[in-house]
Structures are given as structure tokens and as C-alpha cells.
Asks: 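The structure under discussion is supplied below as C-alpha cells; questions concerning it will follow.
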Amino acid sequence: MLATAISWLLFVSSIFSLAAYLVSAVPNEPFAIRISCGAREDVRTKPTNTLWYRDFGYTGGRYTNASVTSSIVPPLQTLRYFPLSDGPENCYNINRIPNGHYAVRIFFALVADSDLQNEPVFDISVDGTQTYSMKPGWSISDDQSFMEALIFVTKRSLSACFHSTGHGDPSILSIEILQVDANAYNYGQSRSQVMILRTAKRLSCGTGKAAFDEDYNGDHWGGDRFWLGTPSLSQGSDQSISTERSIAEASLPPNFYPKKLYQSAIISTDRQPDLTFEMDVDPGKNYSIWFHFAEIDPRVTNEEERVFDILVNGDVIFENVDIIRMTGEGYTALVLNRTVAVSGRTLTIILHPTKGYAILNAIEVLEIIPSELRTLPEEVSTLQTLKTSLGLPLRLGWNGDPCVPQQHPWSGVDCQYDSKSVRWVIDGLGLDNQGLKGFLPSDISKLKHLVSINLSGNNIQGSIPFSMGTITGLQTLDLSYNQFNGSIPESLGQLKSLRILNLNGNLLSGRVPANLGGRPLHGASFNFTGNAGLCDIPGLPTCGPHLSIGAKVGIALGSLIAFLLFLVCLACWWKRRQNILRIQKIAASREASYAKARTNFGRDVQMTKHSPPQRTHDQSRIATEDSPALLS
């Protein structure tokens, strides 16, 4: 009885364990964010009721109505465009993204304005790496109306930047960030999180209809890929076939290919035994090629009935491919992958049969792009502080990363790769005659790799920061023809590498630091002219007795104490003066009362002399008693 109970408990426990495993094996829904560029409210699109978030707080630029150019483009009504007057580079900065692996897709569109109907051509970068350069004619080609790339997010944020090339204003319809499996499209040992995979081509063979994974009822972890349908590779020399039977081994991690992808295919014929696919590529790049097969031809059921080789630009990369032998049965998905280096501008893929005919269900060509190393974050932050404090014009841009992509560095910024930090650093600022105003912040000293600074010909005000004397490698400093005032910081005299110093044409005053005065004698070039208040070097007026900073502080404190003592004395004098005036007023009042009393007494005496002698005794006594009081 006890043994039966224990067996039952073990059985129930195993059932619960299996259920827990199955639940844990089912992945959660992937993170996804879709932005309808230029939209002021969230919108949903048919037929899938997809949610697109409003475009708020991500970027600058302008928004307007969109003119959709392709049937595969999301049916959205607005877009955001970036005039060149707003700067040559503009970026979407999207935060609070969970770290992971993502498919980033950006759709383009035309501005719905007859005056702005020219097709813009521009470059796109993701997290500082240029991933795509648009080509003329994109607005009439389905698979060129968007850019798609796989990228790893490691800092919970992602930036997508659009770089003007002088051919129209960049215009963006939508941005999608869709999470995929961390191991998706693992192409081998050279794969790492610093590599980006850009979709160069995706073809679904045997069908003439373009579709997304969503249309194929694909798993959301697949990233909703777009598949361009093609019924033929050789203009009718091959044959398309399809099936309704279910496909085994599809929709599996990590790539989660939809089953429907394998239910159509192209096979070669006697007229053209080889299946050939060609596409234009950028030379000197590496490409990861993914081949998709499933034996859906009912005429082929055994091994050795269909065998073929796969060649890329003449080199055999797979030999004796036998789908039945490699999968064990028909109607089962097979995926082959190989990375190739392409030196020319054409990628040619040939499936050459050795037995039977060649077959192909789908193909993917992904360009492998090494991620650019970024600029030191502290220096990027300092440049943003400079942008604000100097009132940098919009036309200069200064959005994204100042040094990467290397094809589009910031205007007025020179970069240098620093092997110690394995980052890009700023070694030069050239912002002369740019209409700058405001003040020069002390944070400029955080650009500690600077060798040259040229801010001449602007309208910068305020004092020269003392902290500039800590940029030890500075060789050239040109602040001429601005509105700098105050004294020249003595810290500039500590810059031993400084060879060119132009401070002419400002409002500076005081003594030129002694360490700077003699430097021109040793081959340096310093210019202090045009500052009426500067003194004490050849060519400038002689200064009075030189006072150290401590002495100046002592004089200032002494003057303050003397002023306070003067105020105290003044207050005491005023108080004493008020007391004197009050005493004088009281004395004057008493004197007036005494004079009046004497006058009354004299009148009474006169009246006594002339009055009759029959005055009563009481009257005489009253007069006698009153008299001493008046006299006193």
C-alpha cells in the first residue's frame, strides 16, 4: 500500500515537473517598440492592428504628411524630415530598451508636398556605425524602401542617425525595434556583439508575393522579417512549385523561420539546369548567406535523386547537397549558412545539380559590419555643454557621436583614436567665424586631449577659464576677435607645449603672465594686441606695481573692513547728532517757559504798585505765597 502511494506521488511530481519545463521552454513575448514618425498620437494599422507609438521626445526636425511609395510600407500618414538648415546629422535617441539582440527596421517615405517631391538620398547609422547608404530609385523598389539590421543593445538605449549627403532632406516614415533571440543568425566563431548584420536581400522563392513573417503567421521572436517574393530566378527558364503540406523542423529557435517559407520553391529545368542568383554588393565586404531548403517535390522521395553543389563567385562552398539525406525525409526544413568575402561589386550564387535538378526555397544575404568604436562619453558630454553655452547654430548639427561614423564626423571637431582608452577622443576644435556667442565654460578642460583650439572671429564674452591651463597638450589657442574680458589666467603660462597664442582683439586687461611674456623669444608666436587694458610686455603699456593675487585679496578685504568701520562711525555720529538736537530742543522749550514766567511776574509787580491799600489780608498772603514759586 505504501509503495503504491509513493509511486503515485512520484508520478504526480513528474507530471508537474514536465509542465513546469514546458512552460519555461515557451519564451515570453519579445520586447517591441514601433514609432510612427511625425505622429502626434498613437495609431494602429490594419490588418494586424499593429500599435505605433507617437513621435515625441526622440529627436528634432520637422513633421508633415507622408506620401507612401510602396505597398509593403506601413500605412502611416505622417513622417519626420530633417532640413539641412537643422544640421547635417539628426538622430532618434530611444532609451529604456532592455539589453538584448534586436532587429532595427527604418522605413522611408516622401514628403507629401509638390515642392518637396524630390527623392532624398542619405546615409543611416545605428549606434555610431554607418549601416546603409541609400541609392537613387529607392522609392520605386520594395526592398529598398527600408533599412533593416540586427544589433545588440548593451546600454539600454539605441540611436539611429540620418546623415545628409546633399541630395535632399532625410525623411523617415517609421522606426521599429523588435527583439530577437540572443543567438539568432549565429554565423560562426567570428560572430560577436560588436558585429551588425544588415539585410542586403531576402527572397522567398516560388511566389510572386512579398510578405512579412506576420503574414506567414511567423513567431514574434523572428523579428517580423520582410521576404521579397520571386517566382523565377532565370526569367522563365526555371519552374516554381508549392505545397500545402506542413513542414517539419521549421519555426525553431534561434531564428524561428515561418513554415510557410518552405511551402514554395524554384527548381531548375532541362532548359537551364543551374539556378543562378546575382545581386549588386559593396566591394571589400563580408556577407553571411543563408540557404533554405525543403524537399517539397513529390517526385523526389529518396536519397541521391537530387544532389547539387552551391558556388559563390565561382567557389564551391557546399558540395553534394542532398536534402533527403541531410534531413532524413521530405517536407523538412534545412538551413545552410556560409560567410564569404566579396572583393568585387557582384555576388553570384549558382546551384549546380550533379543529379536531378537544383531546388531553392529561400535565400538571405546579410552584410557583416563591424561596429565602430565610440567617442569617450565624457568628451561627448563636454561637447554638448559647449554646444549650449556657445549657442552653436543649428546648421552645425552636433547630434549623435562626434567621431563616428567616420564618414560623417561633426563639423568643427577633429578626432583621434586613443589606443589607451580604445576610444575616439577630441584633439581639435575649429569653430572660427561661426557666429558663436555666450561664454566659454570651464568644462572645456575635460577635453584633455585637445591640441588645437580656434574660436576666433566670434562674439564670445566673459573671462577665459582658468581651467584651460590644465590642457597640458595644447599647442594652439586662438581666441582672437571676441569679447573676452578680465585678465589672462596665469595658468596659461603653465602650458609648456603652447606655440601659438592669439588673444588679440578682445577686452582683456591687467598684466600679461610673466611665463607668457618671454615665450616668443623661444620661437613661439603670441599676439596680445588690441586689448587696451593689457600691459607689461614689449609693445604694451607699462603696468603699475605688480600685486600678487594674495595681495589683491588682502587689499580687497582691507577696503571692505575700512568701509564697514566708516559705516559704523557714520552711524555713531548720526546717533550723537540726534541726541544733541533733542537736548537743544528741550532746553529751548524750558527757556521759553522761564521767560514767560518772568514777564508775568513783572506785570504783577507793576500792578501791585498802583493798586489801592485796602487789599485784604488773604489776598496779600496769596501773592506772597505765589511769588517764590514764580521766582524759582
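We count residues from 1, following the sequence as given. Values reported hereafter were calculated over all heavy atoms of this structure, with side chains retained and with hydrogens, waters and symmetry mates removed.
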Asks: Locate the shortest heavy-atom distance separating S371 from T129; write the atom from each residue and the value.
Replies: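 Closest approach of S371 to T129, heavy atoms only: CA-OG1, 3.3 Å.
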
Asks: Do V340 and N286 have side-chain heavy atoms sitting under 4.5 Å apart?
Replies: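 Of all side-chain heavy-atom pairs linking N286 with V340, none is under 4.5 Å.
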
Asks: Take T382 and D443, measure what side-chain hydrogen bond (donor to acceptor under 3.5 Å, both in side chains) needs, and give me the verdict at the end.
Replies: CA-CA 6 Å; T382 300; D443 279 0; 5.8 Å; no

Asks: Test your reading of the model: is there a side-chain donor-acceptor pair from D127 to the backbone of S159, 3.5 Å cut-off?
Replies: yes

Asks: For F56, does the CZ atom sit with more than 12 other heavy atoms under 6.0 Å from it, leaving out its own atoms?
Replies: no

Asks: Going by atom types only, do Q179 and H101 share a side-chain donor-acceptor pair under 3.5 Å?
Replies: no

Asks: Apply side chain to side chain contact (heavy atoms under 4.5 Å, CB included) to residues Q77 and N65 and explain how you reach the verdict.
Replies: CA-CA 6 Å; Q77 304 299 316; N65 293 330; 5.5 Å; no

Asks: Heavy atoms only: give me the nearest D274-H352 pair and the separation to one decimal.
Replies: OD1-ND1, 2.8 Å

Asks: Please round to the nearest 0.5 Å and tell me the distance separating atom CD1 of I266 and atom OG1 of T230.
Replies: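 If I round to the nearest 0.5 Å, the distance is 5.0 Å.
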
Asks: How long is the gap from CG on L197 to OG1 on T131, to the nearest 0.5 Å?
Replies: 12.0 Å

Asks: For a 4.5 angstrom cut-off between non-hydrogen side-chain atoms, does T165 reach D123?
Replies: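 In contact.
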
Asks: Could you tell me whether a side-chain N or O of K387 sits under 3.5 Å from a main-chain N or O of N399, the two making a donor and an acceptor?
Replies: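 No.
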
Asks: Could you check whether the rings of F146 and F226 sit parallel, tilted or perpendicular, using 30° and 60° as the cut-offs?
Replies: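 The rings of F146 and F226 stand perpendicular, inter-plane angle above 60°.
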
Asks: Is a donor on one side and an acceptor on the other found under 3.5 Å between the side chain of S381 and the backbone of E378?
Replies: no

Asks: Ignoring hydrogens and geometry, is there a side-chain-to-backbone donor-acceptor pair from N183 to P254 under 3.5 Å?
Replies: no

Asks: What distance separates L392 CG from L436 CG, expressed to the nearest 0.5 Å?
Replies: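 Rounded to the nearest 0.5 Å, the CG-CG separation comes to 6.0 Å.
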
Asks: Any non-hydrogen side-chain atom of Y102 less than 4.5 Å from a side-chain atom of I33?
Replies: no

Asks: Can a donor-acceptor pair be found, under 3.5 Å and without considering hydrogens, that links the side chain of D55 to the backbone of A39?
Replies: no

Asks: Check the pair I267, D238 against side chain to side chain contact (heavy atoms under 4.5 Å, CB included), reporting the backbone distance first and the verdict last.
Replies: CA-CA 6 Å; I267 59 176; D238 46 31; over 6 Å; no

Asks: Can you run down the salt bridge (Lys or Arg N to Asp or Glu O under 4.0 Å) pairs that involve residues 178-202, sequence neighbours left out, and say none if there aren't any?
Replies: D143-K201, E148-R202, R198-E367, R202-E364

Asks: Look at the side chain of E89 and the backbone N and O of G400, then say whether any donor-acceptor pair between them is shorter than 3.5 Å.
Replies: no

Asks: Is the number of heavy atoms from other residues, nucleotides or ligands under 6.0 Å of Y53 OH greater than 12?
Replies: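 No.
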
Asks: Check this for me: K135, atom NZ, are more than 12 non-hydrogen atoms of other residues, nucleotides or ligands nearer than 6.0 Å?
Replies: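 Correct, the count exceeds 12.
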
Asks: Could you tell me the separation between the CG atom of L334 and the CD1 atom of I247, rounded to the nearest 0.5 Å?
Replies: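 Between atom CG of L334 and atom CD1 of I247 there are 12.0 Å.
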
Asks: Keeping the roles fixed (side chain from N186, backbone from G188), state whether a donor-acceptor pair exists under 3.5 Å.
Replies: yes

Asks: Is there a side-chain hydrogen bond (donor to acceptor under 3.5 Å, both in side chains) between Y257 and D219 once you walk through the steps?
Replies: CA-CA 8 Å; Y257 292 114; D219 194 294; over 6 Å; no

Asks: Is C37 close to L173 at the side-chain level, that is, under 4.5 Å between some pair of heavy atoms?
Replies: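 They are not in contact (no side-chain heavy atoms under 4.5 Å apart), so the answer is no.
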
Asks: When you look at D86 and R395, which way does the salt bridge (charged side-chain N to carboxylate O under 4.0 Å, His left out) test go after all the steps?
Replies: CA-CA 5 Å; D86 286 358; R395 56 182 169 78; over 6 Å; no

Asks: Quick one, K209 with D215, criterion salt bridge (charged side-chain N to carboxylate O under 4.0 Å, His left out). Give me CA distance, side-chain angles, the key distance, then yes/no.
Replies: CA-CA 11 Å; K209 184 179 180 181; D215 302 315; over 6 Å; no

Asks: Dump the intermediate steps for side-chain hydrogen bond (donor to acceptor under 3.5 Å, both in side chains) on H449 and E379, then the final yes or no.
Replies: CA-CA 9 Å; H449 299 90; E379 300 207 353; 2.8 Å; yes

Asks: Do P170 and Y81 touch side chain to side chain, with heavy atoms closer than 4.5 Å?
Replies: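 Result no, sub-4.5 Å side-chain heavy-atom pair not found.
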
Asks: Decide whether N99 and T154 meet the rule of one side-chain donor and one side-chain acceptor closer than 3.5 Å.
Replies: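 No pair is found: no donor N or O on one side chain lies under 3.5 Å from an acceptor on the other.
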
Asks: Is it true that Y185 and W290 have ring centroids separated by less than 6.0 Å?
Replies: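 Between W290 and Y185, which both carry aromatic rings, the centre distance is below 6.0 Å.
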
Asks: Any side-chain to backbone donor/acceptor pair from S268 onto P273? Under 3.5 Å, distance only.
Replies: yes

Asks: Any chance the side chains of H408 and S125 put a donor and an acceptor closer than 3.5 Å?
Replies: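 No, because no side-chain N or O of H408 sits under 3.5 Å from a partner of the opposite role on S125.
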
Asks: Using a cut-off of 6.0 Å, state whether more than 12 heavy atoms not belonging to L336 lie near its atom CG.
Replies: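 Yes - once you tally the heavy atoms of other residues, nucleotides and ligands closer than 6.0 Å, there are more than 12.
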
Asks: Could you pull out the closest heavy-atom pair between R225 and F256, with the gap in Å?
Replies: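 Scanning both residues completely, I find the closest heavy atoms to be NH2-O, 2.7 Å.
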
Asks: Going by distance alone, is a donor N or O of one side chain under 3.5 Å from an acceptor N or O of the other, for D401 and T375?
Replies: yes

Asks: Is there a side-chain contact between Q406 and C415, using heavy atoms and a 4.5 Å cut-off?
Replies: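 No, side chains not in contact.
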
Asks: Supply the atom-to-atom distance W138 CH2 to M147 CE, rounded to the nearest 0.5 angstrom.
Replies: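 Atom-to-atom, W138:CH2 and M147:CE are 13.5 Å apart.
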
Asks: Hydrogens and angles aside, do T45 and W52 bring a side-chain donor and acceptor to less than 3.5 Å of each other?
Replies: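 There is such a pair between these side chains.
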
Asks: Minimum heavy-atom separation for I369 and Q130, please, with both atom names.
Replies: CG2-O, 4.0 Å

Asks: Check the pair N454 / S456 against side-chain hydrogen bond (donor to acceptor under 3.5 Å, both in side chains), numbers first and verdict last.
Replies: CA-CA 6 Å; N454 186 356; S456 63; 2.8 Å; yes

Asks: Indicate the atoms forming the closest heavy-atom contact of R34 with T50, along with that distance.
Replies: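 That would be CD-CG2, 3.4 Å.
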
Asks: Taking the ring centre of each residue, are F122 and F108 less than 6.0 Å apart?
Replies: yes

Asks: Using only atom types and a distance under 3.5 Å, with no angle test, would you say the side chain of S141 pairs donor to acceptor with the backbone of G137?
Replies: no

Asks: With rounding to the nearest 0.5 Å, note down the distance linking OH in Y92 to CD1 in I172.
Replies: 7.5 Å

Asks: Should P409 and C403 count as side-chain neighbours, where that means a heavy-atom distance under 4.5 Å?
Replies: no

Asks: Counting heavy atoms not belonging to Y63, are there more than 12 under 6.0 Å from its OH?
Replies: no

Asks: Is it the case that the side chains of N337 and S288 hold a donor-acceptor pair, with the cut-off being a distance below 3.5 Å and no angle test?
Replies: yes

Asks: Kindly say whether L252 contributes a backbone atom to a donor-acceptor pair with the side chain of N255 at under 3.5 angstrom?
Replies: no

Asks: Determine all donor-acceptor pairs shorter than 3.5 Å in which one atom belongs to a side chain in residues 422-430; sequence neighbours excluded.
Replies:
| residue | atom | partner | partner atom | Å |
| --- | --- | --- | --- | --- |
| W424 | NE1 | L373 | O | 3.4 |

Asks: Closest heavy-atom contact between D213 and W227?
Replies: OD1-NE1, 2.8 Å

Asks: Would R80 and Y58 count as having a side-chain donor-acceptor pair, cut-off 3.5 Å?
Replies: no

Asks: Between S174 and S36, is any pair of side-chain heavy atoms under 4.5 Å apart?
Replies: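 No, too far: nothing below the 4.5 Å cut-off.
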
